[in-house]
Amino acid sequence: MSLAQVHHISAAPGDAEAAGRFTAVGPGVSAALLVELEPLVRYALPDGASHRPADAELRSLPQAFTYAVLSDGSRVVGRTAPARGDGTAPVRFHTHAVHLPPGVPLPGGRLPVEAWRSPHWVSATPVGGGALSDPLGLLPPGPAPVREGLDDFAVSRGPWLAAVLADLRRASEEEAPAGGPVVLVEKQNADVARWLGLAAVTLPRESVERLTFTTYTRRPGSSPLRVVGAPPEDAAAAREAGLRVHVCAERPPVDGTADAWARTAARVWRSRAPELFEEARGLPGDPFAAGPLAVIALCAGVALGPEERAAAAGWAAERPYALDAKRTGQLVEALTSPGIDDRTGSEFDAVGRLFGALDGRCPASVTAPLAAMLVTEAVRGGNGSLELPRRDAFVGPEGEAIAGVLAPEILTELESGAGGARPVARTVQLLRVARLLGVNGREVLPAVVDRLARTLLTEADGTDGPPAFAPALLELLDEQFDVRTALLGALDRIAPDDPGAVARFLERVALPFTGTQALPHLRMCAEAPSAMTTLGRDRSAVWHRVLRAAGLSPFAEPQVLRTAVGLVWEDRAPTVEEARLLLEAATSDAHRAAGTWARLVDAALGAPADTEDGTALAHDLLRAFPQEIGGRERSALQLLELCRDLRTGAPEPGWTEQVRTLRDRATPLEPAIQERAFTALTERLLAPDRPGAELYAFVRSDDADLIAAYDRAARAEPTRTRLRTHPAYAADCFTHWTAHPHAGTAWTTTAAALLDEVLRPAVRGMTAEAVAEVEETVGRTGSSGRANAFRDWNRSRALGRLGRRIAGRVRRG
């Protein structure tokens, strides 16, 4: 069909009164479409251009080649070029455009940019109805002239290629991206057309057809097109307008694009292999995914970066059926090339997935280089996240070769003294690779596993959930029975010393220890969390349940006592009741072998002052562990035992001195034990039947802390009640509190206060007969002088009150 053509002449430069006009319009082009078209073909001279250019200047002015989609879905392809005018207008700008109705393709299925160099564009409106030229239908056959020289142009624009292609791809999306057109700044507008030629080859056809453009405009910010060319003088204004601007006439950009597809496309162009784009479009997947293009590029020998290689390996791993044997071999060869020195962890991970996809589908000769590359990286690169190949991938000469190279390195690292600080993932990886390659590591295995067991606990304690190394560790234990047996045994040996850490580790990593190994401590550690959840705060019940999980009697294996106590009480001391339960549950020999006797001592020393069983526990511990308990702890327990004797038995004479001596030996003494000892001693000294010698030793000690405890006990309600109700006891206290006037400051001050503030109120509340009995008892047990002293003491208080009463009356009178 014949396409309608349109001719337009723009206003002359500097002629403000003149306006552009359409000089010829073909059939089917409505006035409304002409209104849309007119702004697209306006022309503005570059800065510095003459309004009356010479012929050479006229020919050097830029031409605007435009492709646009109009509101009715029709399209227009046209060229605007400077032309010589008449005398009043020495230069005009003539537009020759072809209108394509909706749904009508370009003749021959050409792309719009291919008409850029058509020889049939005219610079003047045909006169007299002459035959119209056909710039679209008369294009030369074969590859369009626009593609000529694109390889050289792409190489010359290498630094800008990836960024520009990424933006052109986004500009060609079905929904035009917001933010205005992509602006390509070139000194020659023909180079803008070459950029569009690159896009026409690189992008799929449907994307290219959406890419509306013009190669030259002075108003990029107001253009409705998706890509525009602009001269260098308009770059700053375009940037200020927020447009995506690529100045290809300045120094190359520093930052690259994050678009892996665009980077791959740029490398293809720099390798002068544009035919690869069509090949890549024949592969399945997203046309703008980096994988298909990267696969074709690698197979063709194009060097790519690590991210692009990872994309190729990842794509091929997802679609191992998409490549034939030849391309699969080429891809493997490219990925495993010894000349590559910039591989990354993500690339190795992708290669690992590719190996897994190809293993079993391809001959071992194809996959062996991938397997060798993976295990070499695992050993030398320390990549612990790699998916390792199966063991049979190394059967044959390939396996022997790689094993001969890597075996010494593996054993050296496993044996190294720095192994204690080696991460778990690294040790696990080395052990797995050693098995893959058939490396004999039996001699180093015990030491390696012992270090591994301790490192497991350290690393797992710093995590909230399962540690990152857990999957690889479980795979190792599933693959290697000897490692599993050795590691479980090592953890079982560690458990008695740090059962809490082992229990927390087993909560995060479900180790397989359901086999024939006894592993009593591991079984206890695994049982503890469930027991605590079920039984709550009943620690005695938890202890019994955990101990049963061991499957061994503490009499046969005392260390299970240590593990059970550590699991239930961790760093806390048992209560006195719990400690007595532990002591009765096993013999002293078992506790001695397990070292749990120290926890029982802690329970006794940490008991509150009002816990009666604490003294009995101290008594039992001193007899059960006479050789083990020493130093400060022994003296503190002896002090508790003395408290028991002071309250329930007949202690050896010299109570006060014993208390003071044991207190000093047990320094720093727990406050509760000191309170209990002082209370027991002072209550005994305040008893009616206390020996006088003990009283005398106490008074003469002038121990301020002891005397203060005595003062508190004497002021307590039991003593006050006894003073009020037992005259004989009141007489005894009077005698004692007045018998040592020169004993020391602490005692004399305290005794005087007790006489005045405790004994006098008690005597004042007695009947006359009771007071007389106190006086008689004082005289009988002491002397007549002592009785007189009591009368004077009692009368002086009464007279003091009477005298004050009389003095008050005198003052009032």
Side-chain angles (χ1 to χ4, degrees), residues 260-261 263-264 267-268 276 279-396 398-399 401-402 406 425 429 432-433 436-437 471-472 475 479:
W261 170 87
R263 291 200 306 269
T264 307
R267 288 179 179 268
V268 169
L276 301 182
E279 291 187 49
R281 284 193 280 272
L283 296 180
D286 184 344
F288 293 118
L293 182 57
V295 165
I296 294 299
L298 288 173
C299 290
V302 176
L304 299 181
E307 188 173 345
E308 294 79 51
R309 293 194 300 268
W315 180 90
E318 294 174 3
R319 302 170 182 83
Y321 50 83
L323 301 178
D324 57 23
K326 178 181 178 182
R327 275 187 173 162
T328 299
Q330 290 171 336
L331 177 61
V332 169
E333 184 179 354
L335 291 172
T336 59
S337 171
I340 299 175
D341 59 1
D342 60 347
R343 293 185 177 97
T344 62
S346 59
E347 180 180 354
F348 280 109
D349 291 340
V351 170
R353 295 194 301 274
L354 176 60
F355 174 83
L358 298 181
D359 190 24
R361 291 176 178 267
C362 300
S365 59
V366 175
T367 57
L370 292 174
M373 172 182 165
L374 291 173
V375 296
T376 302
E377 167 63 11
V379 173
R380 294 177 178 173
N383 189 337
S385 66
L386 284 178
E387 287 288 335
L388 294 176
R390 294 179 294 108
R391 189 174 186 181
D392 56 12
F394 296 97
V395 175
E398 295 88 354
I402 194 66
L406 295 180
Q429 190 78 307
R432 296 187 68 198
V433 174
L436 289 177
L437 301 179
E475 286 187 34
E479 294 168 352

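Every heavy atom of this structure was used, including side-chain atoms; hydrogens, water molecules and symmetry mates were not.
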Rounded at 0.5 Å granularity, tell me how far CD1 in Ile402 sits from OG1 in Thr376. 3.5 Å
For Leu304 against Arg267, the heavy-atom pair lying closest together: CD2-CD, 3.5 Å
Pairs satisfying ring pair (Phe, Tyr, Trp, His ring centres under 6.0 Å), at least one member in residues 306-341, at least two apart: none
Could you grab the distance from atom CD1 of Ile340 to atom CD of Glu347, nearest 0.5 Å is fine? 6.0 Å
Sorted by chain and number, sequence neighbours left out, salt bridge (Lys or Arg N to Asp or Glu O under 4.0 Å) with Glu475 holds for Arg432
Considering all heavy atoms of both residues, which atom of Ala322 and which atom of Leu283 are nearest to each other, and what is their separation? O-CD2, 4.3 Å
Do Leu406 and Arg380 touch side chain to side chain, with heavy atoms closer than 4.5 Å? yes
Determine which pairs satisfy side chain to side chain donor-acceptor pair (under 3.5 Å) with at least one residue from residues 288-299, sequence neighbours left out, and list them in order. none
Give every residue pair that meets the side chain to side chain donor-acceptor pair (under 3.5 Å) criterion with at least one member in residues 359-373, sequence neighbours excluded. Asp359-Arg390
Minimal non-hydrogen separation, Phe288 against Trp261, with atom names: O-CB, 3.2 Å
Of the non-hydrogen atoms in Ala260 and Glu307, which two are nearest, and what is the gap between them? CB-OE2, 4.0 Å
Do you know the tightest heavy-atom contact between Ala313 and Val351? CB-N, 4.0 Å
If I compare all heavy atoms of Ala290 with all of Thr264, which pair ends up nearest, and what's the gap? CB-OG1, 4.3 Å
Flag the pair Glu377 and Arg343 as a salt bridge only when some basic side-chain nitrogen lies within less than 4.0 angstrom of an acidic carboxylate oxygen. no
Validation: residues 329-336 side-chain donor-acceptor distances under 3.5 Å, sequence neighbours left out:
residue, atom, partner, partner atom, Å
Thr336, OG1, Val332, O, 2.7

Can you name the residues that form a side chain to side chain donor-acceptor pair (under 3.5 Å) with Arg327, not counting sequence neighbours? Glu279
Atom pair CG/CD of Leu436 and Gln429 - distance to nearest 0.5 Å: 9.0 Å
